[in-house]
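Reminder, nothing fancy here: chain letters follow the sequence lines and each chain counts from 1.
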Amino acid sequence: MMKIDFSGLDASVPLCGNTDELCNEISTEQKFELPTAADFDGFQREAVQMVKPAKGTTTLAFIFKEGVMVAADSRASMGGYISSQTVKKIIEINPYMLGTMAGGAADCQFWHRNLGVKCRLHELANKRRISVTGASKLLANILYSYRGMGLSVGTMIAGWDETGPGLYYVDSEGGRLKGTRFSVGSGSPYAYGILDSGYRFDMSVEEGAELARRAIYHATFRDGASGGVATVYHVGPNGWKKLSGDDVGELHYLYYPVEPASVEQEMTEVSGL
Amino acid sequence: MTKQQANWSPYDNNGGTCVAVAGTDYCVIAADTRMSSGYNILTRDYSKIIQLADKSVLASSGFQADVRALQKVLAAKHLQYQHQHNKQMSCPAMAQLLSNTLYYKRFFPYYAFNVLGGLDHEGKGCVFTYDAVGSYERVGYSSQGSGSTLITPFLDNQLKSPSPLLLPARDAVTPLSESEAIDLVKTCFASATERDIYTGDKLEILVLNASGIRREYMELRKD
């Protein structure tokens, strides 16, 4: 039986007979073009220095009795210049999985969006949600294949699947670690100090959120490349929920309110007579 | 014998500054028209702004050859979109398209610092700011290019609105009227021209609102 030929409607078929550079760029099947330089690594180093992609950050996540707590700051720096104080570093991959952003902002944004697409395709193909293990493996495999090419991604995939809460650390070197407590970014040493000393498995949601918020605050206090707004998300059995977003400048005065100086107190007492 | 290497860079910086400000029902996009290379001025009358769709305008500074190539790619993709979907691309859709286009050249970047301005589905002004490899963010105002370090602190002082990340959310719309925003942008460039050698000659301003698009010019110092 003759079948109707729909091949012409296929979006990836070139529209013109002779393909040229512009045609390749605008066709739907896009690939990563590589420069034909003699010294690829040197060129990448120079290009990255010149382009100065935005990075510098503090992110953290931990598993506890009530699920997963995820928190991050919101500053992006380009060299010494603060390019933004309002970056969304906690990326909502789907309603029950979150990814954090540390390293190159464009790298993290693009590959998390790509991961979200792959997770959705998995759901459609298998009629069930993808596990956190599976999602983190998909991302880790992609990043491993680009290993050595200069991608800078330090991310945590946090979610709740059939096996309960899940947390994985994935980076652009190809590393993938399962764990219960992670902090990533230039401010992570400071965040670990607060997180490790205050952590208990059987915290309530409010206690966990307060620990996460404090850890981000202290990292922004000491690390110049972290700052802006401290956001805290909680992932529970019904998905994630944003718990708070507080300006760290205001958090400072909340945690360390200004004491009126003793001289001023004397003055007010005298004038009260 | 050591390998011979090319002493040639595929990039150059043609300077210039772009600014965009979003309002409740308008968007102002502006850029200077000076194109330079090192200490030379190549021309005083080069437009860095292009209208990609009826509600999206792109302004880019950096290497103008890469900017021109990027503009062509986006215009071609927009035309394909119109053929396939029988409608114009919205500004947020164009914003993501630009991000993906920039990222696909992650290993040989477009040396272009972009600001995309336009109106969203509700008719509110929106501005998207980018780095050279595609990371983007919707903001109330933005500046990119050689004069951005001079202009952004001034805009922060005049326009800074509560961060969209705060919870409970606070309204982040620029309270300025359209004419006030245009005056503000003119002030920005007049000041940036004083202290940045790559910014000057003439200012091109595009204003997008419900009634359409309007273009205005202002003379800047030519020294």
Should we say atom OH of Y81(B) is surrounded by more than 12 heavy atoms from elsewhere, each under 6.0 Å from it? yes
Heaviest contributor of heavy-atom pairs below 4.5 Å to chain A, chosen from F107(B), F108(B), Y136(B), is F107(B)
Answer with side chain, backbone, both or neither: which region of P168(B) has an atom nearer than 4.5 Å to a non-hydrogen atom of chain A? neither
Most contact-rich option vs chain A, by heavy-atom pairs under 4.5 angstrom, among V139(B), L166(B), N13(B), is L166(B)
What orientation do Y103(B) and F110(A) show, parallel under 30°, tilted 30 to 60°, or perpendicular over 60°? parallel
Between T231(A), V232(A), L243(A), V87(A), which has the largest tally of heavy atom pairs under 4.5 Å with chain B? V87(A)
Between Y111(B) and F113(B), does the ring centroid distance fall short of 6.0 Å? yes
Checking S186(A) side chain against T57(A) main chain: does a donor-acceptor pair fall under 3.5 Å? yes
Do any N or O atoms from the side chain of S37(B) and from the backbone of N14(B) form a donor-acceptor pair under 3.5 angstrom? no
Would you confirm whether Y130(B), through its side chain, and A95(B), through its main-chain N or O, come within 3.5 Å as a donor-acceptor pair? yes
Under a 3.5 Å distance rule, please check whether T58(A) uses its side chain to pair with a backbone N or O of D73(A) as donor and acceptor. no
Against chain A, residues from residues 142-152 of chain B with at least one heavy atom under 4.5 Å, in numeric order, are S148(B), T149(B), T152(B)
R34(B) side chain vs I197(B) backbone, donor-acceptor pair below 3.5 Å: yes
